[in-house]
Amino acid sequence: MTDSLLSVGIDIGTSTTQLIFSRLTVSNQANSFSVPRMAITSREVIFRSEVSFTPLLSDTVIDAAGVEQLVAKAYQSAGISPQTVSTGAVIITGETARKENAREVLSALSGYAGDFVVATAGPDLESILAARGAGADRYAREHHAPVLHCDIGGGTSNLALFDREGELVRTGCLDVGGRLIKVDRNRVVTYVSPVFQRAGQCPAPAVGQQVTPETLASVIHTMVEALAQAAGLLPGRDKLDAFFTKGTHWEPTSAPYVSFSGGVADCIFSPPEDPFAYGDIGVLLGKAIRDTFPAASILRGRETIRATVVGAGSHATELSGSTIFYRDVPFPLKNLPILKLTAQEEESSPEALADCIQEKLSWFRDESGLVPTALALRGLSAPSYDGIQRLAQGVVQGLFPLRERGFIPVIALESDQAKVLGQAMYALAPGPLLCLDGVRVDNGDYIDIGAPVAGGTVLPVVIKTLVFSQHDKEE
């Protein structure tokens with residue numbers, strides 16, 4: 001059994017906005033005598049848009065109409081209708097995610113989202129998508145060596161560490177990027193990011209000051225020191241701590257290979273002659289990285305400036321397990337916050353389990369009351385008929401009051417128990433219900449669930465963290 005999905009990736013970054021379309025092939029990887037195991041077996045990029053500067057109305061406001069025009073033009077050039085898109089991601093990344101109207105921009109793109117496109121921004125997700133789009137995980141796996149990936153864009157540097165098996169170990173983010181300082185054609189500074197105020201002793205120039213590569217050498221050196229400390233190439237962590245993106249953390253890590261992507265990566269490997277070719281410090285930053293990091297350890301990503309958008313369009317979507325249960329579900333379901341119980345809570349009595357769910361659902365109340373929420377469970381370690389019945393009773397008593405608000409109970413399990421648990425819950429309380437498995441999530445995550453594919457046997461799933469940092473007036 002084989003099926004295909006058309007996926008879109010839209011990356012609205014600090015420097016550039018771009019779009020790709022990918023064809024995802026879904027196939028059954030199990031033998032004829034086993035439960036179907038559907039997986040995405042190939043991901044082919046079929047269209048790449050032009051790379052355009054992200055339109056801004058000011059230092060803190062994105063030009064939503066301008067972004068919409070860029071996306072519309074890309075759809076037209078690709079000859080693709082939004083209605084044919086099944087999955088993908090719209091991501092607002094780097095400093096752009098902190099603009100005052102990030103949500104407004106996503107609203108402006110809703111007409112191009114098809115039936116199942118996520119809108120998300122956040123340094124952890126961006127780190128993962130960029131690293132996978134650049135092929136860092138594959139390189140680590142094929143060469144059996146850890147790889148630290150750095151995606152350096154206009155506003156931030158997203159870090160992702162992979163072990164020798166190509167498994168993600170951790171992510172991080174630094175406020176180091178090529179457009180934190182902008183200059184005009186006369187090399188007069190027109191913009192300086194508030195990042196440098198937080199960075200303490202970092203000697204940034206002032207707006208209106210005319211600069212040269214020499215006068216910017218100190219600030220460039222400080223930013224590269226932060227990256228070098230993150231990679232374990234320099235002792236200490238003073239520069240590293242000064243450039244942390246709020247809400248992130250990173251322990252200095254030494255890896256035999258450091259791969260690079262993002263717009264600044266091109267300036268590491270093939271910089272233009274003009275140090276201010278792009279009206280910013282990206283070229284100078286790239287050259288300084290090349291001169292600081294050991295040449296033998298530096299890898300160029302398979303994608304550089306397009307790494308994040310390729311990751312978003314080709315690597316954001318996964319599939320549920322094949323033992324799913326659903327009744328009367330109006331797919332797609334979008335932006336459901338995850339409520340995950342502890343293993344001990346899952347093993348409690350039906351009454352205690354119901355009380356726990358009811359108490360924790362209050363985490364997700366807004367002005368109008370409860371909001372649609374997905375309950376995440378690990379599943380029973382030794383499932384039995386009695387154990388499944390006990391779990392079903394507790395979940396029904398605790399979660400199903402959501403139905404009174406018109407919401408559909410959604411349960412996401414890690415283990416392959418969704419069908420039997422769903423059947424048990426449906427017998428206790430018939431009505432709309434979705435129970436899926438093969439999904440690993442945690443509190444703080446959000447999940448999007450698309451319409452069934454491959455003959456209704458699996459569901460496209462996107463797990464992400466939604467982070468919209470409003471413009472911080474203290475900066």
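Position 1 is the first residue of the sequence; numbering continues from there. Owing to the predicted nature of the structure, the values given are computational and were not obtained by experimental measurement.
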What distance separates [X] [atom1] from [Y] [atom2], expressed to the nearest 0.5 Å?
X    : Y    : atom1 : atom2 : value
H149 : D137 : NE2   : CG    : 9.5 Å
L361 : L339 : CG    : CG    : 5.5 Å
L413 : L377 : CG    : CG    : 5.0 Å
R138 : R302 : CZ    : CZ    : 4.0 Å
K99  : I62  : NZ    : CD1   : 7.5 Å
Q358 : L399 : CD    : CG    : 8.5 Å

Any donor-acceptor N/O pair, [X] side chain to [Y] backbone, under 3.5 Å:
X    : Y    : answer
E414 : V439 : no
E44  : L24  : no
R306 : G262 : no
D3   : V453 : no
R164 : H144 : yes
E345 : T342 : yes
T171 : D124 : no
S77  : K73  : yes
K239 : Q229 : no
S4   : T25  : no

Salt-bridge present ([X], [Y]; N to O < 4.0 Å):
X    : Y    : result
R48  : E303 : yes
E167 : R141 : no
R43  : E318 : yes
E251 : R237 : yes

Please give me the minimum heavy-atom distance between [X] and [Y], naming the atom from each residue.
X    : Y    : value
A429 : R403 : O-NH1, 2.9 Å
L436 : A418 : C-CB, 3.5 Å
L148 : A230 : CD2-O, 4.4 Å
T373 : L402 : O-CD1, 4.2 Å
Y326 : G456 : OH-O, 3.3 Å
P383 : Q417 : CG-NE2, 3.9 Å

Counting only heavy atoms from other residues, nucleotides and ligands, does the tally under 6.0 Å from [atom1] of [X] exceed 12?
X    : atom1 : value
R378 : CZ    : yes
R440 : CZ    : no
E50  : CD    : no
K419 : NZ    : no

task = Assign the ring pair F243 / F196 to parallel, tilted or perpendicular, where the plane angle (0 to 90°) is split at 30° and 60°.
result = perpendicular
**Prompt:** What is the ring orientation for F21 with Y75, classed by angle as parallel under 30°, tilted 30 to 60°, or perpendicular over 60°?
**Reply:** perpendicular
Is any side-chain heavy atom of [X] less than 4.5 Å from a side-chain heavy atom of [Y]?
X    : Y    : answer
I12  : V105 : yes
I338 : L375 : no
D163 : P146 : no

Between I411 and the options L391, L433, L434, the side-chain contact (heavy atoms from CB on, under 4.5 Å) test singles out L433
Practice item. Would you please test D175 and T156 for side chain to side chain donor-acceptor pair (under 3.5 Å) and show each step? Key: CA-CA 5 Å; D175 286 327; T156 56; 5.9 Å; no
Set out, in order, the CA-CA distance, both residues' side-chain angles and the distance that settles side chain to side chain donor-acceptor pair (under 3.5 Å) for T17 and S52, then state yes or no.
CA-CA 5 Å; T17 291; S52 305; over 6 Å; no
TODO: Compute the centroid of each ring, for Y139 and then for F162, and state whether the two points are separated by less than 6.0 Å.
DONE: no
**Request:** In sequence, state the C-alpha distance, the side-chain angles, and the governing distance for H249 and F244, and then conclude on ring pair (Phe, Tyr, Trp, His ring centres under 6.0 Å).
**Result:** CA-CA 7 Å; H249 185 69; F244 268 135; 5.5 Å; yes
